[in-house]
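We count ligands from 1, going down the list as the structure has it; atoms in each ligand are counted the same way. Worth knowing before you read on, the calculation uses all heavy atoms, side chains too, and leaves out hydrogens, waters and symmetry mates.
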Amino acid sequence: MTETIARSDAGPTGDIPTRRLFIAGEWVDTVSGRTFESRNPADSRDVVGHFQAGSAADVGMAVKAAEMAFPAWRATPAPKRGEILYRTGQLMAEHKERLARALTREMGKVIAEARGDVQEGIDIAFLMGGEGRRMFGDTVPSELPDKWAMSIRQPIGIAGIITPWNFPIAIPCWKMMPALVAGNTVVFKPASDTPHCATLLVELMAEAGFPPGTVNLVTGSGSDVGDPIVDSPDVAVISFTGHSANGKLIAARAGRRLKRLSLELGGKNAIAVLRDADLDLAVEGILWSAFGTTGQRCTACSRVVVEEPVVDALLTRLEARARALRIGDGQEEATEVGPLINEPAVEKVESYIEIGRAEAELVTGGRRATGEGLSDGHYFEPTIFTGVHPMDRIGQEEIFGPVLSVIPVADYEAAVTAVNQVRYGLSASIYTRDVNAAFRAMRDFETGIVYVNAGTTGAETHLPFGGWKETGNGHREAGHAALDTYTEWKSIYVDFSGRLQKAQIDNQPG
Ligand code: NAD
């Protein structure tokens with residue numbers, strides 16, 4: 001019997017719920033009986049819930065359920081599958097505020113951004129719902145008479161979906177919606193910091209009408225749950241978003257089985273500010289990109305590459321605005337910078353502050369944020385370094401916190417070199433009023449996403465999303481490109497000539 005999880009979120013003083021795995025349409029306990037906690041990063045005394053610490057045995061059952069569900073789901077007409085995605089999008093829209101509040105409580109991003117995170121999930125549900133009626137292949141003329149040629153997409157099988165905590169509703173939707181509309185079934189492992197968001201999402205998906213076994217949720221650690229998903233011979237495709245180092249480990253494991261693998265990994269995104277830029281506009285974009293989500297977006301701007309004549313003018317404005325940002329619990333509408341995800345994240349940022357002090361000049365920030373209401377959260381001051389050399393560690397390595405490096409450069413060519421001189425390639429932006437410089441940057445930046453006169457964040461769901469170089473392995477999420485991860489192409493030739501026709505031979509001279 002399917003058990004419905006209570007929809008109310010217990011507060012700090014309320015009962016702390018224990019959530020379950022979702023396998024074959026049922027909410028079940030893990031085989032091991034072990035659980036783990038999820039806590040509110042804004043107030044670590046607040047336990048969001050207890051969650052099942054899944055294991056290889058649970059993954060095995062989830063994979064079995066997904067395997068059993070696959071034939072019927074694959075045979076369901078794609079427009080019908082799309083209708084269930086639409087229903088999911090509608091339910092998410094009805095529950096948007098509840099989801100956003102739960103997201104802020106568990107992950108910490110400010111409530112306006114949490115609503116945006118949920119909205120991304122809704123948008124992709126509707127976009128991919130529509131793919132149920134598109135999923136275009138090609139129908140092309142044959143080179144031979146009385147013969148037709150066409151291509152169709154077909155599902156691969158079971159998709160293993162492994163997600164990070166920083167977009168805990170949007171990213172699972174970016175992965176699961178295309179997988180499902182294409183006819184695959186899913187085993188979903190969310191990050192251990194955000195199992196509640198995943199539970200709420202899967203609860204709505206079950207309510208929307210996904211048949212038992214099409215969507216399975218197994219919470220737990222990367223080693224106990226993630227690895228068995230990657231290693232399972234029955235999971236045909238893996239989509240992973242997370243750290244580049246983990247992506248490489250997963251790629252090695254998946255490679256042994258020649259598994260389809262989509263990786264979305266780290267970033268070190270830059271905004272270039274040319275001397276003719278509208279500096280006030282640039283400051284807005286830089287602040288939003290660097291300190292929004294407390295610098296924990298994969299598309300966060302962590303480097304500003306600025307032409308020397310305007311460094312001082314830009315820095316003066318940036319420093320004043322960064323100091324004035326309101327730090328606090330993201331549940332307050334006025335909060336601009338929420339907490340980091342957990343204590344290790346704070347310690348990691350602190351370690352980079354030490355590195356930065358040795359490499360460059362600290363302009364503002366650099367400490368844990370203190371003050372009323374902040375003592376039990378993982379808060380850190382918005383931090384700016386200047387005089388950073390492009391090859392400095394703080395200019396090269398992903399810190400994933402509110403730390404911005406200002407890199408002065410002589411001219412446009414030096415700016416492009418600096419923007420590109422990292423091993424990542426997700427997003428980049430340029431502020432300039434020179435249309436020629438803007439077009440050069442669109443051509444020259446080695447990133448999957450380029451913005452002109454806007455920050456490095458703000459991707460829309462109907463264009464491909466992903467990065468070059470070590471940000472990924474060439475796949476894309478969102479847009480119709482997302483379907484490439486979850487489908488096999490099949491080319492079909494229909495010969496109605498009634499005789500043997502030989503391509504490349506019968507119709508060629510000699
Ligand atoms: P992470 O790599 O620590 O974890 C991501 C997920 O993988 C989690 O569910 C984790 O439990 C699991 N995992 C970890 N090791 C695993 C293993 N060996 N086998 C299987 N599963 C494993 O990343 P995170 O801290 O959750 O997320 C932050 C990172 O994600 C940053 O590097 C950020 O840039 C990146 N990110 C990239 C994008 C993108 O689209 N490029 C988007 C968001 C986040």
Closest candidate by heavy atom, reference atom 5 (C) of ligand 1, pool Ile162, Thr241, Asn246
Thr241
Nearest 0.5 angstrom please: Ile327 CD1 to Phe291 CZ, how far?
10.0 Å
Of the protein's non-hydrogen atoms, which lies at the shortest distance from atom 7 (O) of ligand 1, and what is that distance?
Phe240 CE1, 3.0 Å
Any heavy atom of Ile250 under 4.0 Å from ligand 1? The part involved is side chain
Is it the side chain (CB and beyond), the backbone, both or neither of Glu398 that lies under 4.0 Å from ligand 1, heavy atoms counted?
side chain
Out of Ser221, Cys298, Ser244, the nearest non-hydrogen contact to atom 42 (C) of ligand 1 is supplied by Cys298
Any side-chain donor-acceptor pair under 3.5 Å between Lys469 and Thr447?
no
Under 4.0 Å, heavy-atom basis, I'd like to know which part of Pro190 is in contact with ligand 1: side chain, backbone, both or neither.
backbone
With sequence neighbours left out, the residues meeting side chain to side chain contact (heavy atoms under 4.5 Å, CB included) with Phe70 are Arg74, Pro155, Thr185
Could you name the option among Gly226, Ala191, Ala198, Ser427 that has the heavy atom nearest to atom 20 (C) of ligand 1?
Gly226
Ring centroid separation for Trp174 and Phe167, is it under 6.0 angstrom?
no
Assess, by modelled atom type and distance only, whether the side chains of Lys96 and Gln119 contain a donor and an acceptor separated by less than 3.5 Å.
yes
Within the 3.5 Å criterion, strictly below it, is a donor on Tyr486 or Ser262 matched to an acceptor on the partner's side chain?
no
If we number the atoms of ligand 1 from 1 as shown, the ones under 4.0 Å from a heavy atom of Asn166 are 43 (C), 44 (C)
Tell me which part of Leu265 gets within contact of ligand 1: side chain, backbone, both or neither, using heavy atoms under 4.0 Å.
backbone
Among residues at least two apart in sequence or on other chains, which ones pass side chain to side chain contact (heavy atoms under 4.5 Å, CB included) with Pro464?
Arg476, Ala481
Is the shortest distance from a heavy atom of Phe167 to ligand 1 less than 4.0 Å?
no
Answer with yes or no whether Asp193 contacts ligand 1, where contact means a heavy atom under 4.0 Å from a ligand atom.
no
